[in-house]
Amino acid sequence: MEVIIFIGLQATGKSTFYRQNFATTHELISKDLMSKRSGKESRQAQAIETALEAGRSIVIDNTNPREIDRTNIINQSRKYQVKIIGYYFASKVSESLERNSTRTGKALVPNVGIFATAKLLVQPEYTEGFDELFYVQIGAEDKFIITPWREESTDGT
């Protein structure tokens with residue numbers, strides 16, 4: 001079993017990456033899919049618990065910008081003897097804003113949300129409890145480029 005944690009600004013391709021790579025093998029857990037009422041943290045924790053109790057691999061598709069966001073998920077998941085994998089979606093704020101501008105309806109994130117996430121965003125580290133980490137970038141023709149994590153890199157390249 002695996003717990004995959006996505007990390008990155010809004011409009012960096014996280015949900016598309018999930019659909020292309022994990023939709024048939026991993027259950028999706030995303031606060032974006034939860035109703036607007038309060039308590040999303042506890043509802044997410046319950047969804048993680050339910051999936052792992054049932055033996056299902058999961059993807060947490062949120063921005064997860066801070067170490068505490070990720071370590072809460074990691075600590076909760078560890079008791080199930082799962083592999084913890086992080087995917088960091090490297091992107092500049094300007095690139096996220098540009099991609100976001102093409103969205104419509106509920107998918108369109110207010111620009112202030114992207115700026116707020118950027119202020120909180122800290123790259124993950126193995127010391128948080130990850131078993132594997134990867135960089136994800138959007139390349140030519142909107143193809144995802146996945147590369148192994150290098151601790152010394154600070155810009156995803």
Side-chain angles (χ1 to χ4, degrees), residues 1-93 96 99-100 106-107 109-110 112-138 144-156:
M1 264 190 332
E2 296 177 333
V3 171
I4 295 175
I5 302 171
F6 289 170
I7 304 136
L9 298 176
Q10 300 90 330
T12 55
K14 295 182 299 296
S15 297
T16 300
F17 188 78
Y18 167 79
R19 286 190 299 275
Q20 290 180 2
N21 296 281
F22 299 108
T24 61
T25 58
H26 292 66
E27 182 175 325
L28 176 65
I29 297 176
S30 172
K31 292 179 195 170
D32 289 345
L33 301 176
M34 296 177 183
S35 63
K36 295 286 185 199
R37 65 186 175 135
S38 64
K40 286 186 178 185
E41 288 297 324
S42 61
R43 287 186 282 150
Q44 174 177 282
Q46 182 58 52
I48 291 169
E49 194 82 19
T50 300
L52 295 179
E53 282 284 333
R56 296 188 302 267
S57 290
I58 58 175
V59 170
I60 310 298
D61 180 8
N62 299 318
T63 58
N64 298 306
R66 302 171 302 161
E67 181 178 345
I68 189 69
D69 300 317
R70 303 183 294 261
T71 54
N72 285 342
I73 295 165
I74 291 167
N75 291 339
Q76 178 185 11
S77 302
R78 275 289 169 217
K79 67 182 177 181
Y80 293 97
Q81 308 292 315
V82 296
K83 186 176 201 178
I84 310 288
I85 304 169
Y87 285 87
Y88 177 76
F89 290 75
S91 181
K92 295 177 180 158
V93 171
S96 292
R99 281 191 294 276
N100 186 55
K106 291 182 180 181
V109 177
V112 68
I114 294 172
F115 287 116
T117 301
K119 287 181 181 179
L120 298 174
L121 185 61
V122 175
Q123 287 190 2
E125 297 181 4
Y126 277 104
T127 57
E128 295 175 32
F130 288 101
D131 296 309
E132 293 181 29
L133 280 168
F134 297 95
Y135 287 103
V136 180
Q137 294 176 293
I138 299 176
F144 290 106
I145 302 165
I146 306 162
T147 54
W149 192 257
R150 294 188 325 266
E151 292 280 349
E152 70 277 2
S153 181
T154 59
D155 64 0

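Starting from 1, each residue takes its place in the sequence as its number. All heavy atoms count here, side chains included; hydrogens, waters and symmetry mates do not.
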Taking side chain as C-beta onward, heavy atoms only, is [X] less than 4.5 Å from [Y]?
X: Thr50; Y: Ile48; value: no
X: Glu2; Y: His26; value: yes
X: Val82; Y: Leu52; value: yes
X: Asp69; Y: Arg66; value: yes
X: Ile4; Y: Phe22; value: yes
X: Ser57; Y: Thr25; value: no
X: Ile7; Y: Ile5; value: yes

Heavy-atom closest contact ([X] atom, [Y] atom, distance):
X: Ser96; Y: Ala11; value: O-CB, 3.4 Å
X: Ile85; Y: Phe130; value: C-CD2, 3.8 Å
X: Ile73; Y: Ser77; value: O-OG, 2.8 Å

Any pair counted as salt bridge (charged side-chain N to carboxylate O under 4.0 Å, His left out), so long as it reaches residues 51-64, sequence neighbours left out |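 Matches after skipping sequence neighbours: Glu27-Arg56.
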
I'd like to know if [X] and [Y] make a salt bridge, using a cut-off of under 4.0 Å between side-chain N and carboxylate O.
X: Glu128; Y: Arg70; value: yes
X: Arg78; Y: Asp131; value: yes
X: Lys79; Y: Glu49; value: yes

For the side chain of [X] and the backbone of [Y], is there at least one donor-acceptor N/O pair under 3.5 Å apart?
X: Asn62; Y: Lys31; value: yes
X: Thr71; Y: Glu67; value: yes
X: Tyr88; Y: Leu133; value: no
X: Lys40; Y: Ser30; value: no
X: Tyr80; Y: Val3; value: no
X: Thr16; Y: Gly13; value: no
X: Tyr18; Y: Ile60; value: no

So, taking the atom named [atom1] in [X] and the one named [atom2] in [Y], what distance separates them when rounded to the nearest 0.5 Å?
X: Thr147; Y: Ile145; atom1: OG1; atom2: CD1; result: 8.5 Å
X: Ile74; Y: Ile84; atom1: CD1; atom2: CD1; result: 6.0 Å
X: Arg99; Y: Leu9; atom1: CZ; atom2: CG; result: 9.0 Å
X: Thr63; Y: Phe89; atom1: OG1; atom2: CZ; result: 12.0 Å
X: Phe144; Y: Asn21; atom1: CZ; atom2: CG; result: 7.5 Å
X: Phe115; Y: Leu120; atom1: CZ; atom2: CG; result: 14.0 Å

Check ring-ring contact (aromatic ring centres under 6.0 Å, His included) between Phe134 and all other residues, then give those that pass, not counting sequence neighbours.
->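 ring-ring contact (aromatic ring centres under 6.0 Å, His included) list for Phe134, sorted by chain: Tyr87.
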
Give the ring-plane orientation class for Trp149 versus Tyr135, where under 30° counts as parallel, over 60° as perpendicular and anything between as tilted.
->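 It falls in the parallel class, under 30°.
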
Side chains of Glu41 and Asn72: is there a donor and an acceptor less than 3.5 Å apart?
->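 Result is no, nothing qualifies.
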
Take Val93 and Ile114 through the test side chain to side chain contact (heavy atoms under 4.5 Å, CB included) and record every step on the way to the result.
-> CA-CA 7 Å; Val93 171; Ile114 294 172; 4.2 Å; yes

Would you check, one step at a time, whether the test side chain to side chain contact (heavy atoms under 4.5 Å, CB included) holds for Glu132 with Lys83?
-> CA-CA 8 Å; Glu132 293 181 29; Lys83 186 176 201 178; 2.5 Å; yes

